[in-house]
Amino acid sequence: MPELPEVETLVRGLRAHLIGRRIVAVRLGKTDFIDDPAALERDLPGKRIQAVDRYGKFLLLRLETPDVAPKETTEDADGRYSLVVHLGMTGGLTPQYADQPVALHTHAFFSLDDGRELRYTDIRRFGRLTLVPEAALEAFFCKLGLDPLDTTEEEFRRRLAGRSAMIKALLLDQHNFRGMGNIYCDESLWRARIHPARRAAGLASVQVVRLYRAIRKVLSEAISLRGSSVSDYVDAEGQPGSYQRRHRVYQREGKGCFRCGEKIRRVIVAGRSSYFCPRCQRAPQKRTGQTNRDRRVRAGTPKM
DNA sequence: AGCTCTTCCTGAAAGC
DNA sequence: TGCTTTCAGGAAGAGC
């Protein structure tokens with residue numbers, strides 16, 4: 001599933017193919033995951049791809065209208081849009097020659113001026129395609145949290161301070177940090193030796209620092225290995241990544257921990273399968289005879 | 001406001 | 001063997 005390292009790898013690959021290309025036609029299949037299909041068909045043809053960027057797990061094709069007359073005074077006269085793409089679980093974006101066979105579940109074709117077409121495939125259609133005017137881009141992204149690779153230790157600590165939610169839920173929530181999904185949360189928590197169900201507010205300072213470093217290490221190693229291919233993720237050339245070979249816990253239930261040999265276990269945390277080592281990552285206190293009220297009081301803010 | 005659970009979708013894998 | 005059920009998960013939205 002595409003998370004930060006996979007989207008980053010795809011973005012880097014797409015740049016070589018797409019920058020400077022012009023979209024000449026748009027064809028759509030199923031459109032229930034596209035915010036405004038008519039807008040894509042109407043506004044994309046003629047636009048030139050000026051840049052390809054990533055924001056969290058979002059991919060942006062930055063577009064402009066070539067040779068636009070400055071005297072034109074309609075609202076979108078400068079033609080500055082971004083096609084914003086979220087790959088969801090199974091989304092893929094690959095440039096292909098028009099005569100190459102079309103993969104199943106291909107729902108969007110963007111014909112380019114070099115005879116190729118950029119194809120969007122998405123088996124489960126958890127992805128999203130939206131055309132966002134330049135002026136609305138900031139608002140579109142304003143709710144997203146910090147990029148973990150561009151965050152200081154102090155900012156990271158502050159973002160978790162006083163939060164009573166489980167640490168994994170906070171890391172998965174894109175409003176806190178943008179880009180991490182199930183794989184990289186589990187891998188980072190294993191590396192930091194923190195159980196996914198631990199409450200953020202209950203973590204020791206040293207643990208928070210360890211987590212901060214673990215996340216950055218895991219994400220940057222994953223980028224350098226071109227991401228993890230566990231289901232069907234492939235890059236712009238259709239090639240899989242190789243970070244899945246470095247996974248220490250993800251989908252390793254019952255296998256030995258790389259640190260201590262204990263059998264990796266799986267529990268549901270934040271509605272997700274969560275893999276961890278029961279010896280290296282100590283579970284939070286059991287609820288033995290403790291009432292809900294006791295727990296609320298203990299998790300609350302410290303007395304002044 | 002903060003937190004947690006449910007829902008969407010398809011195909012692979014497990015269960016009977 | 002063949003059919004049915006379960007599971008996987010990003011993020012919006014509901015509910016507490």
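Just the heavy atoms: all of them, side chains too, but no hydrogens, waters or symmetry mates, feed the values below. Each chain gets a letter, A, B and so on, in the order the sequences are listed, and its residues count up from 1.
Residue Arg266(A) is in sugar-phosphate contact alone, with no base atom involved, counting any heavy-atom pair closer than 4.0 Å across all strands shown. Backbone-only engagement by Ser273(A) is indicated by non-hydrogen atom pairs under 4.0 Å involving sugar-phosphate atoms exclusively. Residue Lys143(A) is classed as having no contact, given no heavy-atom separation below 4.0 Å to the nucleic acid.
Looking at Lys30(A) and Asp32(A), no side-chain N of the basic residue comes within less than 4.0 Å of a carboxylate O on the acidic one, giving no salt bridge. Of the charged side-chain nitrogens involved, none lies within less than 4.0 Å of a carboxylate oxygen, so that Glu187(A) and Arg246(A) do not count as a salt-bridged pair. Remark: Glu155(A) does not engage Arg159(A) in a salt bridge, criterion side-chain N to carboxylate O under 4.0 Å. A salt bridge links Glu154(A) with Arg157(A): at least one charged nitrogen is closer than 4.0 Å to a carboxylate oxygen. Note on Asp186(A) versus Arg191(A): no salt bridge recorded, every NZ/NE/NH1/NH2 to OD/OE distance being 4.0 Å or above. At a threshold of 4.0 Å, the pair Arg15(A)-Asp53(A) counts as salt-bridged, since one of the basic side-chain nitrogens sits closer than that to a carboxylate oxygen.
At the phosphate of dT4(B), OP1 or OP2 sits under 4.0 Å from a side-chain N or O atom of Arg199(A). Side-chain N/O atoms of His105(A) include none lying less than 4.0 angstrom from OP1 or OP2 on dT10(B). Residue Lys30(A) places at least one side-chain N or O under 4.0 Å from the OP1 or OP2 atom of dT10(B). Dashed line: the shortest gap from a side-chain N or O of Arg163(A) to OP1 or OP2 of dC3(B) is under 4.0 Å.
Put simply, CG on Asn182(A) is 15 Å from P on dC7(C), counting in whole angstrom units. A straight line from CD1 of Ile167(A) to P of dC3(B) spans 11 Å, rounded to a whole angstrom. The separation between Glu253(A) atom CD and dA14(B) atom P is 12 Å, rounded to whole Å. The separation between Leu87(A) atom CG and dC8(B) atom P is 23 Å, rounded to whole Å. If you measure from atom CE of Met180(A) to atom C1' of dA11(C), you get 15 Å, rounded to the nearest angstrom. Gln251(A) has its CD atom 11 Å from the P atom of dA13(B), to the nearest Å. Taking atom CG of residue Leu170(A) and atom P of nucleotide dA11(C), one finds them 15 Å apart after rounding to whole Å. Rounded to an integer number of Å, the gap from CG of Leu160(A) to P of dG2(B) is 14 Å.
For Tyr250(A), taking side-chain heavy atoms from C-beta onward, the closest of the listed nucleotides dA11(C), dA8(C), dC3(B) is dA8(C). Of the candidate nucleotides dG10(C), dG9(C), dA11(C), dG9(C) has the atom lying nearest to any side-chain atom of Arg124(A).
The 5' end of DNA chain C is approached more closely, in terms of each residue's nearest nucleotide, by Met89(A) than by the other of Met89(A) and His175(A). Place Asp173(A) and Leu104(A) on DNA chain B by their nearest nucleotides, and Asp173(A) ends up nearer the 5' end.
The aromatic ring of Phe126(A) does not stack onto the base of dA11(C), failing the criterion of a centre distance under 5.5 Å from the six-membered base ring together with planes under 30° apart.
With hydrogens and angles left out, the side chain of Arg272(A) and the base of dG10(C) share a donor-acceptor pair within 3.5 Å.
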